[in-house]
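Here is the structure we will look at.
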Amino acid sequence: MQEILNKIDIPNKECIRGNITLPLEVDGAKISWKSSNESVISDKQIGKMAAGVVNRQAEDTHVVLSATIEKNGETFVKEFDVCVKKAYKKPSEDDFGGYLFAHFIGEQEENQEQIYFALSEDGLNFKDTNGGKPVICSNVGEKGVRDPYLYRSYEKDRFFLIATDLSIYNRGGWFQNEQGYYDASTTGSSNLVLWESEDLINWGEARLLPVAPENAGMAWAPEMIYYEETGEYIIYFSSSIMNKETKMKEKPNTIFYVTTRDFVHFSDTNIFIDNQTDPDGKAREIIDTTLLKIGDTYYSASKDGDNAEENGGIRILKTKTLLDKDSWEKVLNLEEIGLDISGLGIKALNNGDLEGPELFVINKKDRVNKDIPEYGIMMDRFQADLGYLPLITTDIEDKTNSKNSWKVLGKDEYSFDKLKKRHGTILNITYEEVKRIKENFCK
């Protein structure tokens, strides 16, 4: 029983900012919970939200959570005195004055597969920070990180930076196996790397998150989104399933997910978006998914198809039921819009030329019409080694651009400064945060 008691804990109990996990079973022991203040921390399920829902108050509030543990006729009680931090004033649309771009820059040299920041005040012209050096370096896992994603917490006073645990440099390059797949996608890490920050400047220690299935070939290109229905974060990523005996891919790259409230306790791994299929039913690769919620609809953009697969592209799907993998409907492939891409160094807006799509919102001050929302989608022109290409739209579902809502930007309309931006992420930041980034990383 003492061993069981030792395993029951509440992470960050001195500084609770979001919903917490209250385990109901540990090593066969049943656990029930009682909150001394249910209006601040619930001890019962609310709709689809499990117990542990946090409602921050005007001031820091202490709550005692009592866990009653029962096993083999024995009953023990363990109490936790936790502190729920006071509510944070969430920024409005008018508070946002810039964009922070996190990315890596390559794989040919040490430290290229680390976290670099670039700053923009208009969403089109970015400046490298920190003298062109990494802002954050990984010292865990493969000691290299790619495909970073920045996310502002649901409560708005924390930031999460999550990335692929992979170093092609430390692996000695890309190698193909007998099946024709690159080694990094069949023997890759099943972990993701996570950092947390309260100010975008000071980042805590890197942590490895065990998210992929045991027989996964890798966990690539993670992103996350807060799911209000269940009060938890969804972390989604690309992964393959390996045959333990043949060491070959049993299932092509698919988008999987786990849910978490505290980044310590995780759900089982499930399929988020399954492989797209060819007309003949052949399974296809799908990687690099990004999400954007507009109203009550979730839009995803992914690289559909391996580099050489025909009929693939940068595919946009939509759903209103986020965790139903069969609910996704195709909206369009970018090349179907009919945009003029001459002079951009690519043959088509498809999977053969592009990867790493990233959806983001254009700040209100930077819109052509302040009353009409605008969205950006950027893609890495990996095949031509030309870095990112941005598109702007006011209507993601304008499939043939009949409303002229889609615009591909020419090379004279944007700039990404000297460092080559590889598979990155864009976070909308406030005027105050722009100032803080300048003061700390742009001297």
Does any N or O in the side chain of Thr319 come within less than 3.5 Å of the main-chain N or O of Tyr298, such that one atom is a donor and the other an acceptor? no
How about Phe96 and Pro91: do any of their side-chain heavy atoms sit closer than 4.5 Å? yes
Kindly indicate, with the supporting measurements, whether the criterion side-chain hydrogen bond (donor to acceptor under 3.5 Å, both in side chains) is fulfilled by Asp340 and Ser342. CA-CA 6 Å; Asp340 181 8; Ser342 57; 2.8 Å; yes
Quick one: does Ile225's side chain get under 4.5 Å of Tyr151's, heavy atoms only? yes
Close side-chain approach of Leu391 and Leu389, heavy atoms under 4.5 Å: yes
Electrostatic pair Glu198:Arg17 at N-O distance under 4.0 angstrom: yes
Is it the case that Lys127 places NZ or CZ above or below the six-membered ring of Phe441, under 6.0 angstrom from the centre and within 45 degrees of the axis? no
Does any non-hydrogen side-chain atom of Asp128 lie less than 4.5 Å from one of Lys421? yes
Are the side chain of Gln112 and the backbone N or O of Phe104 linked by a donor-acceptor pair below 3.5 Å? no
Heavy atoms, side chains only, cut-off 4.5 Å: are Ser302 and Trp328 in contact? no
Is any NZ, NE, NH1 or NH2 atom of the basic residue among Arg422 and Asp385 found under 4.0 Å from an Asp or Glu carboxylate oxygen of the other? no
Is there a side-chain contact between Trp406 and Thr394 in this structure, where contact means two heavy atoms from C-beta onward sitting under 4.5 Å apart? no
Of all heavy-atom pairs between His103 and Phe101, which one has the smallest distance, and what is that distance? CD2-O, 3.7 Å
Does Asp199 come within less than 4.0 Å of Arg436, counting only side-chain N to carboxylate O? no
Specify whether Phe160 and Tyr233 have parallel, tilted or perpendicular ring planes, treating 30° as the upper limit for parallel and 60° as the lower limit for perpendicular. perpendicular
What I want to find out is whether Asp27 reaches Lys7 closely enough, with some N-O distance under 4.0 Å, to be called a salt bridge. yes
Do the charged groups of Glu121 and Lys438 touch, with an N to O distance under 4.0 Å? yes
Treating Asn19 as the side-chain partner and Val53 as the backbone partner, does any N or O pair qualify as donor plus acceptor under 3.5 Å? no
Exactly one of Phe272, Tyr236, Phe237 should register a side chain to side chain contact (heavy atoms under 4.5 Å, CB included) with Phe256. Which one does? Phe237
Output the distance between atom CD1 (Ile287) and atom OG (Ser240), rounded to the nearest 0.5 Å. 11.0 Å
Please examine the side chains of Glu205 and Asn139, heavy atoms only from C-beta on, and report whether any two atoms are closer than 4.5 Å. yes
Going by the side chain to side chain donor-acceptor pair (under 3.5 Å) test, name the single residue among Arg56, Lys86, Lys85 that passes it with Asp157. Arg56
Would the distance check show the side chain of Tyr99 and the main-chain N or O of Asn363 forming a donor-acceptor pair, the cut-off being under 3.5 Å? yes
Arg284 side, atom CZ; Thr254 side, atom OG1 - distance, nearest 0.5 Å: 12.5 Å
For the residue pair Lys13 and Phe80, would you count it as a cation-pi contact if the rule is NZ or CZ under 6.0 angstrom from the ring centre and within 45 degrees of the ring axis? no
Is the backbone N or O of Asn125 less than 3.5 Å from a side-chain atom of Asp122, with the two atoms forming a donor-acceptor pair by type? yes
Straight-line distance of Met224 CE to Ser153 OG, nearest 0.5 Å: 10.5 Å
Less than 4.5 Å apart, side chain to side chain, heavy atoms only: is that true for Tyr227 and Leu323? yes
